[in-house]
Trainee: 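Let me begin by handing over the structure; questions about it come next.
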Number of protein chains: 2
Amino acid sequence: MTANDGRSATGGGATDATRGDTVAAVVRQWRAVHPGLDTGPMEIIGRINRCAALLQQAEDAPLRRAGLSRPEFDLLGALRRTGHELTPGELARETFSSGAAVTKRLKQLTERGLVERRGDTRDRRVAHLRLTDAGRDLVDGILPEQLAYESAVLSGVRAPERDELAALLAELLGQLEGRLDALRV
Amino acid sequence: MTANDGRSATGGGATDATRGDTVAAVVRQWRAVHPGLDTGPMEIIGRINRCAALLQQAEDAPLRRAGLSRPEFDLLGALRRTGHELTPGELARETFSSGAAVTKRLKQLTERGLVERRGDTRDRRVAHLRLTDAGRDLVDGILPEQLAYESAVLSGVRAPERDELAALLAELLGQLEGRLDALRV
DNA sequence: AGCAGGTGTTTTACCTGTAAAAAATATTGG
DNA sequence: CCAATATTTTTTACAGGTAAAACACCTGCT
C-alpha cells in the first residue's frame with residue numbers, strides 16, 4: 001500500500017507494544033472493513049514505508065546541524081564517493097532526481113562554495129562539477145557522525161537479525177531494480 | 001545513511017546482477033574512499049530508503065489513474081479504515097502529516113465531493129470529516145487494485161522469505177517507534 | 001556547408017509541503 | 001465574570017520539487 005499501511009498512527013493512545021507496530025494496527029483496521037482482501041503486501045510495503053519515514057526523520061537531524069538538506073548531502077556525497085567530477089546529468093542519475101532539481105541544488109551549493117563548476121572544452125553544453133576543499137571537508141566531517149547515529153538507531157536489533165534483514169532487503173531490492181522496468185506500469 | 005546509500009545509481013551501465021544491488025555498489029564506493037568507517041548501517045538503511053522510493057514510484061501509478069495523489073489517498077484511506085468521522089487534527093496524526101497540509105488536502109477533496117465537513121456543536125473550533133458515498137466508492141475501488149499490484153511487485157520474493165522479511169521489519173519498526181522519542185535528537 | 005534531429009542543461013509555471021503567525025474558540029484561576 | 005492561557009484550525013510566506021518548454025550545442029546525413 002501507499003499510505004494506509006504504514007503512514008498512520010492508530011488512534012490517540014500510546015504505542016501498544018503487545019499488539020505490534022502501527023502497521024499491524026492499520027492492517028487490522030483494513031481487514032475489519034474489507035474482510036475479503038489479501039492484506040499481505042501491506043505487511044511488507046507498509047513497514048518499509050514507515051521505517052523509511054522514521055529513519056529519514058531521525059537522520060535529517062545531523063544534517064540540519066551542518067546546514068544541509070538531505071538532497072543537498074546526496075549530491076555532495078555522490079561527488080565525494082565517486083571521487084571524480086560529474087556532470088549535472090550524471091548527478092541526476094546518481095541521486096535519482098530530476099535534472100531541474102539538480103540544477104537548483106547546484107546553484108545553491110556553488111554559491112555556498114561547496115562545489116565548483118567547470119565547462120567541458122569539447123562539448124560546451126556540459127558542465128563538470130567537483131567538490132571544493134570546503135565541500136569535501138564538510139562531507140567527511142558529517143559522514144562519521146551520520147554513520148554513528150545510524151548505528152545507534154539500529155542498535156535495538158541484534159547483529160544476526162540485522163544481517164538477515166540486510167540480506168532479505170538486498171534480495172527484494174535486487175528484484176525491484178531488475179523488475180520495475182519490465183513491469184513498467 | 002540518507003542518500004549516499006540507497007539513492008544512487010551506479011555509473012552509466014546496466015544493473016550488474018552478479019555484483020548486487022545499487023546500494024552494495026554505493027557502499028563499495030564509500031569504503032574505498034573511507035576505509036576506516038563502519039558502513040554496516042548503510043546496508044540496511046540505504047536499502048530501506050531505496051526500496052521505499054522504488055515501491056512508492058510503482059505504487060503511485062494506480063493512484064494517478066484514479067486522479068489521486070498518494071497523500072490524498074492516505075487521507076481518504078484513514079477515513080475509510082477507521083470507519084468513523086475524524087477531525088483535521090486526528091487526520092494529521094493518522095497520516096503523519098502537518099495540520100496545514102491536511103487543511104489544504106481537505107479543501108481540495110471537499111471541493112471534489114469526496115469528503116464532507118460538519119462542524120462540532122459543542123466546540124466550534126473543531127470540524128468532523130467523513131467520506132461521501134463517492135469518496136467511499138473511490139477508495140473501495142482503488143484498494144483491491146492497489147493490493148493486487150503490490151502482490152505482483154512482491155512476487156519475485158518467495159513466500160517464506162516474504163514472511164521472514166515482514167517479521168524482521170516489524171521488529172525494526174517496533175524498535176524505531178518505541179525508541180525515537182527516547183533518542184530524540 | 002547546412003539542416004534535421006538528438007542530447008545536455010536550464011528556465012518557467014505551477015503545485016505542494018512546511019514553519020510560524022494568526023484567528024477563533026475553549027478553559028481555568030482569581 | 002474577566003483575563004490569561006491553551007487548543008484547534010487556517011492562513012501566510014516561502015522553499016523545493018516537477019513537467020514541459022526553451023536553449024544551446026553537437027552529430028550525422030545529404
Side-chain angles (χ1 to χ4, degrees), chain A residues 2-3 7 9 12 49 52-53 56-57 60-61 63-64 67-76 78-79 85-112 115-130 185, chain B residues 2-3 7 9 12 52-53 56-57 60-61 63-64 67-76 78-79 85-112 115-130:
Chain A
T2 73
R7 290 176 171 269
N49 284 333
Q56 287 181 19
Q57 185 188 333
D60 284 347
L63 289 181
R64 296 223 177 278
L68 286 177
S69 70
R70 174 197 285 266
E72 286 167 342
F73 183 67
D74 277 14
L75 215 163
L76 299 179
L79 288 171
E85 294 181 333
L86 293 171
T87 68
E90 288 167 338
L91 280 167
R93 282 187 290 277
E94 201 72 25
T95 60
F96 292 103
S97 27
S98 71
V102 168
T103 295
K104 286 191 179 181
R105 280 176 225 152
L106 283 176
K107 190 178 162 203
Q108 297 190 127
L109 294 171
T110 307
E111 282 167 1
R112 283 210 250 166
V115 153
E116 274 173 352
R117 169 183 296 256
R118 175 179 73 77
D120 188 299
T121 38
R122 302 292 175 85
D123 186 339
R124 293 197 317 226
R125 291 168 303 181
V126 337
H128 297 273
L129 284 305
R130 62 167 171 270
V185 190
Chain B
T2 76
R7 290 176 170 267
Q56 287 181 17
Q57 184 187 334
D60 285 346
L63 289 182
R64 296 224 177 276
L68 286 177
S69 70
R70 171 197 286 264
E72 285 167 343
F73 184 68
D74 276 15
L75 214 164
L76 299 178
L79 288 170
E85 294 181 332
L86 294 171
T87 68
E90 288 167 338
L91 280 167
R93 281 185 291 276
E94 201 72 27
T95 60
F96 291 102
S97 23
S98 71
V102 168
T103 296
K104 288 191 178 180
R105 281 175 222 152
L106 283 176
K107 190 177 162 205
Q108 297 190 126
L109 294 171
T110 307
E111 282 167 0
R112 284 209 249 167
V115 153
E116 273 173 353
R117 167 184 297 256
R118 176 180 74 77
D120 188 299
T121 39
R122 303 290 175 86
D123 187 338
R124 294 199 315 227
R125 291 169 302 182
V126 338
H128 297 274
L129 285 304
R130 61 166 171 271

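In what follows, chains are A, B, ... by sequence order, proteins preceding strands, each numbered from 1. Excluded from the calculations below are hydrogen atoms, water molecules and symmetry mates; all remaining heavy atoms, backbone and side chain alike, are included.
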Trainee: To the nearest angstrom, how far is Gln57(A) atom CD from dT18(C) atom P?
Mentor: 11 Å
Trainee: Tell me whether the OP1 or OP2 atom of dT10(D) has a side-chain N or O from Arg125(B) closer than 4.0 Å.
Mentor: no
Trainee: For Ser98(A) and dG17(D), is the shortest distance between a side-chain N/O and OP1 or OP2 below 4.0 Å?
Mentor: no
Trainee: Could you check whether Gly99(A) gets within reach of a base, just the sugar-phosphate, or nothing at all, counting any heavy atom under 4.0 Å?
Mentor: base
Trainee: Return the nearest nucleotide to the side chain of Ala100(B); candidates are dT11(D), dT10(D), dT9(C).
Mentor: dT11(D)
Trainee: Could you state the CD-P distance from Glu85(A) to dG8(C), rounded to the nearest angstrom?
Mentor: 17 Å
Trainee: List the atom of Ala78(A), the atom of Thr95(A), and the distance in Å for their closest heavy-atom pair.
Mentor: CB-CG2, 4.3 Å
Trainee: Hey, does Lys104(B) reach any base, or is it just sugar-phosphate, or nothing, if we go heavy atoms under 4.0 Å?
Mentor: base
Trainee: Tell me, with the steps shown, if Glu116(A) and Thr110(A) meet side chain to side chain contact (heavy atoms under 4.5 Å, CB included).
Mentor: CA-CA 6 Å; Glu116(A) 274 173 352; Thr110(A) 307; over 6 Å; no
Trainee: Can you tell me which residue among Leu68(B), Leu129(B), Leu91(B) is in a side chain to side chain contact (heavy atoms under 4.5 Å, CB included) with Leu75(B)?
Mentor: Leu91(B)
Trainee: Closer than 4.0 Å, any side-chain N/O of Arg122(B) to the OP1 or OP2 of dT25(C)?
Mentor: no
Trainee: Do Glu72(B) and Arg105(B) meet the salt-bridge criterion of a basic N to acidic O distance under 4.0 Å?
Mentor: no
Trainee: Nearest whole Å is fine: how far is dT7(C) P from Arg124(A) CZ?
Mentor: 20 Å
Trainee: Using heavy atoms to find the nearest nucleotide of DNA chain D for Ala127(B) and Glu72(A) separately, return the residue whose nucleotide is more 5′.
Mentor: Ala127(B)
Trainee: Hey, does the side chain of Arg117(B) come within less than 4.0 Å of dT10(D)'s phosphate (OP1/OP2), counting only N and O?
Mentor: yes
Trainee: Please state how far atom CG in Leu106(B) lies from atom C1' in dG17(C), giving the value in whole angstrom units.
Mentor: 15 Å
Trainee: Report the distance from atom NZ of Lys107(B) to atom P of dT12(D), rounded to the nearest whole Å.
Mentor: 10 Å
Trainee: If you measure from the Lys or Arg side-chain nitrogens to the Asp or Glu carboxylate oxygens, is any gap between Arg122(A) and Asp120(A) under 4.0 Å?
Mentor: no
Trainee: What is the separation between atom CD on Gln56(A) and atom P on dG17(C), rounded to the nearest whole Å?
Mentor: 16 Å
Trainee: By the 4.0 Å heavy-atom rule, please label Thr87(A) as base, sugar-phosphate, or nothing.
Mentor: sugar-phosphate
Trainee: Just how far, in rounded Å, is C1' of dT7(D) from CD of Glu90(B)?
Mentor: 14 Å
Trainee: Strictly below 4.0 Å: does Gln108(A) bring a side-chain N or O up to OP1 or OP2 of dG16(D)?
Mentor: yes
Trainee: Reckon Thr103(B) has a side-chain N or O less than 4.0 Å from the OP1 or OP2 of dT11(D)?
Mentor: no
Trainee: What is the distance, rounded to the nearest whole Å, between atom CZ of Arg70(A) and atom C1' of dT18(C)?
Mentor: 17 Å
